[in-house]
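Reading through the structure tokens given below for one structure.
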Protein chains: 2
Amino acid sequence: MTTISDVAKKAKVSTATVSRVLNNSDKVRPATRDRVGEIIKELNFVPNVNALGLQRKKTKTIGLIFPDASAYYFAEIIQGINRHLSQNDHQILISSAHDEEEEIKTINGFVKGGRIDGLIMMMPSASDYKGLMIPLINNKIPVVLIACEIDAPRATTLLLDNYNSAKEMVHHLSDLGHKRIAFIHGGKHNYDAKERYRGYVDGRKEFQLEEREELEVVGNFTEASGYQSTITLMQRNPRPTAIFAANDAMAIGAIEAARVLKLSVPLDLAIVGFDDISSAAYTDPGLTTVHVPLRRLGHLAAESILKNLNMDPSERTTEKIIIPLQQVIRKSCGSKQESV
Amino acid sequence: MTTISDVAKKAKVSTATVSRVLNNSDKVRPATRDRVGEIIKELNFVPNVNALGLQRKKTKTIGLIFPDASAYYFAEIIQGINRHLSQNDHQILISSAHDEEEEIKTINGFVKGGRIDGLIMMMPSASDYKGLMIPLINNKIPVVLIACEIDAPRATTLLLDNYNSAKEMVHHLSDLGHKRIAFIHGGKHNYDAKERYRGYVDGRKEFQLEEREELEVVGNFTEASGYQSTITLMQRNPRPTAIFAANDAMAIGAIEAARVLKLSVPLDLAIVGFDDISSAAYTDPGLTTVHVPLRRLGHLAAESILKNLNMDPSERTTEKIIIPLQQVIRKSCGSKQESV
DNA sequence: CTGAAAGCGCTTACAG
DNA sequence: CTGAAAGCGCTTACAG
């Protein structure tokens with residue numbers, strides 16, 4: 001490994017000077033700057049990041065915590081984050097933990113170990129994050145929370161407008177004449193799922209639809225659970241005329257279940273989802289859903305982190321950004337006009 | 001930030017002693033070990049990773065390079081890698097670059113900057129990686145290559161048995177009576193796609209099927225391209241009786257195209273894919289495909305890295321591991337018996 | 001068993 | 001404009 005003193009020796013200057021040209025300091029004579037620059041090139045010298053980190057207390061790396069599940073969902077977000085961050089010369093250190101306790105330990109290690117400059121957290125099933133936020137706040141590194149509601153002072157929280165979009169979906173179904181709309185929940189602990197459910201509940205109230213408990217069933221965001229939930233729902237009495245699945249994967253399972261039950265979608269049963277994953281356009285019938293701009297979400301997270309990185313901790317504000325979502329009308333809801 | 005000397009001061013010992021208890025050195029008296037341990041706990045002390053890295057020349061982080069595309073595919077692999085690595089106290093630094101040149105620069109920075117201890121690369125469209133491998137070999141960090149064939153001495157290469165599985169799929173279709181099997185290619189530069197194509201070509205030769213060029217069309221691994229490719233194929237004369245798509249997303253697009261063309265799958269047209277993504281079981285009809293164990297792939301990559309990390313560079317061997325794949329028979333091929 | 005000291009590879013105030 | 005020196009937070013041979 002070539003070090004700064006190798007360069008210094010070869011260029012017959014001090015390491016301080018090499019350091020200065022490395023950092024584009026203006027107080028270095030052009031002639032020596034060029035000479036040293038040559039040697040740096042020649043030796044293919046890259047400064048040691050650990051030494052830099054130790055000195056500057058900045059590592060140019062952002063920690064990224066994400067849950068173990070829903071790989072697809074998070075992958076897209078990560079790509080969005082990564083693209084923006086790497087353009088700005090920052091790296092991503094990822095970690096995916098199973099439970100909260102492990103998560104707290106990881107974060108604590110990252111932050112107190114000086115491994116990261118900022119943190120982006122996606123943990124939709126967060127519960128009590130007081131204990132989690134404390135080390136972060138104390139250490140004053142910027143934090144972005146994606147899809148979880150935690151009281152986090154001076155952090156940026158990025159939220160999808162699940163609630164209004166879900167309500168709007170109920171509205172749409174109601175407009176199509178449905179009175180008995182079932183909901184397949186994504187999981188009691190998932191933030192997005194809970195918000196979508198809340199929108200559903202308020203929507204059916206607002207549009208004066210049936211409100212019985214038999215219209216609700218809990219899945220876990222997988223196709224299999226959507227399938228099973230639909231079988232269950234259709235055995236109940238009275239049957240729903242429409243099913244609103246909290247995500248597309250479950251909606252896909254629901255469509256398959258309808259097929260097995262010999263029900264026509266949307267004639268016998270309307271089915272709608274949420275997320276607009278790439279195959280939603282290729283189900284039969286095409287799935288009516290809500291588009292979630294995952295990469296953009298990632299991009300926004302990266303932007304926020306970068307902005308706060310260059311800010312004095314005392315100047316950082318508590319931001320909550322709610323991203324409006326677009327309904328995508330296809331055939332599975334029975335609507336005449338498609339939006340795509 | 002609390003440092004080792006804060007601990008030392010409070011425990012009334014030298015930093016050397018604190019360091020020793022931190023590293024479980026045996027030459028420290030139990031009494032002092034316990035006392036220092038208490039203080040460490042009390043102060044919630046975590047050693048600074050940059051200082052550690054500078055000293056030990058180990059960062060306990062593994063670099064992970066992956067392409068910009070196919071988020072789903074890679075996300076699962078990453079989860080597999082991460083699970084195993086994090087259990088062994090290692091982190092993952094990710095980077096996804098757009099072109100090779102950028103990739104080489106990134107890798108060079110990671111390695112020469114002392115940022116990583118090992119590297120896992122997924123770049124299915126790698127071409128010439130001589131220039132890329134050189135800094136790695138010189139720096140003697142272990143390397144795992146996933147799904148790309150590069151001549152990389154002392155590296156571990158993890159490959160899917162695309163070739164044989166594709167051939168087997170052709171065999172299966174041939175057994176079902178198909179003579180004219182079309183292939184939707186995944187992209188000229190993608191390793192997996194090329195291997196699957198090779199298996200297809202050799203398979204149709206081996207089973208004496210039609211070999212005309214009109215049976216081939218190039219997609220790009222998306223549903224949309226599978227859809228479009230199928231429309232194209234079915235306009236040709238003579239039409240294929242079966243379509244083998246190089247991945248499931250394209251097969252899903254193909255099924256949709258068949259539907260639009262009012263063709264029954266599998267009666268008028270058999271369709272098979274590759275990957276066995278989670279929704280493949282929920283297409284109509286269920287998609288016959290080849291299961292790719294993504295998490296296992298990730299796990300194997302992590303294992304290899306970890307093994308080589310603890311090995312003298314001179315002892316490292318060049319390994320090529322080919323993972324056999326399992327065919328998954330569902331309805332879309334027209335077979336009577338399903339395997340799942 | 002424990003401490004003083006040197007060193008890992010950088011940066012930066014200080015002096016010149 | 002440039003260099004000597006101290007320091008970032010650790011580890012580890014060396015001496016005791």
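Residue numbers start from 1 in every chain, and the chains themselves are labelled A, B, ... in the order their sequence lines are given, proteins ahead of strands.
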| message | As an exercise, state the distance from CD1 of Ile65(A) to CD1 of Ile120(A), rounded to the nearest 0.5 Å. | response | 10.5 Å

Any [X] side-chain N or O less than 4.0 Å from OP1/OP2 of [N]:
X        : N       : result
Lys57(B) : dT11(D) : no
Thr17(B) : dG3(C)  : yes
Ser14(A) : dG3(D)  : yes
Asn23(B) : dT11(D) : yes
Ser5(A)  : dC10(C) : no

| When all nucleic acid strands are considered with a 4.0 Å heavy-atom cut-off, which category describes Ser19(B): base, sugar-phosphate, or nothing? | base

Rounded to whole angstrom units, what separation is found between the [atom1] atom of [X] and the [atom2] atom of [N]?
X        : N       : atom1 : atom2 : value
Leu54(B) : dA6(C)  : CG    : C1'   : 13 Å
Asn48(B) : dC10(C) : CG    : C1'   : 13 Å
Ile4(A)  : dC8(C)  : CD1   : P     : 14 Å
Lys12(A) : dT2(D)  : NZ    : P     : 16 Å

| Does any nucleotide pair with dA15(C) by Watson-Crick or G-U wobble geometry, both distances under 3.5 Å, and what is it? | dT2(D)

| said: Between Glu319(A) and Arg154(A) (salt bridge meaning N to carboxylate O under 4.0 Å), is one present in this structure? | reply: no

| query | Is Asp89(A) paired with Lys60(A) through a side-chain N to carboxylate O contact shorter than 4.0 Å? | reply | yes

| field | Minimum-distance nucleotide (side-chain atoms of Arg20(A) versus dA4(D), dC14(D), dC1(D)) | value | dA4(D)

| When the P atoms of dC14(D) and dC10(D) are considered, how many whole Å apart are they? | 24 Å

| request: Apply the side-chain contact (heavy atoms from CB on, under 4.5 Å) test between Thr156(B) and each candidate in Thr318(B), Val143(B), Val144(B); give the one that qualifies. | output: Val144(B)

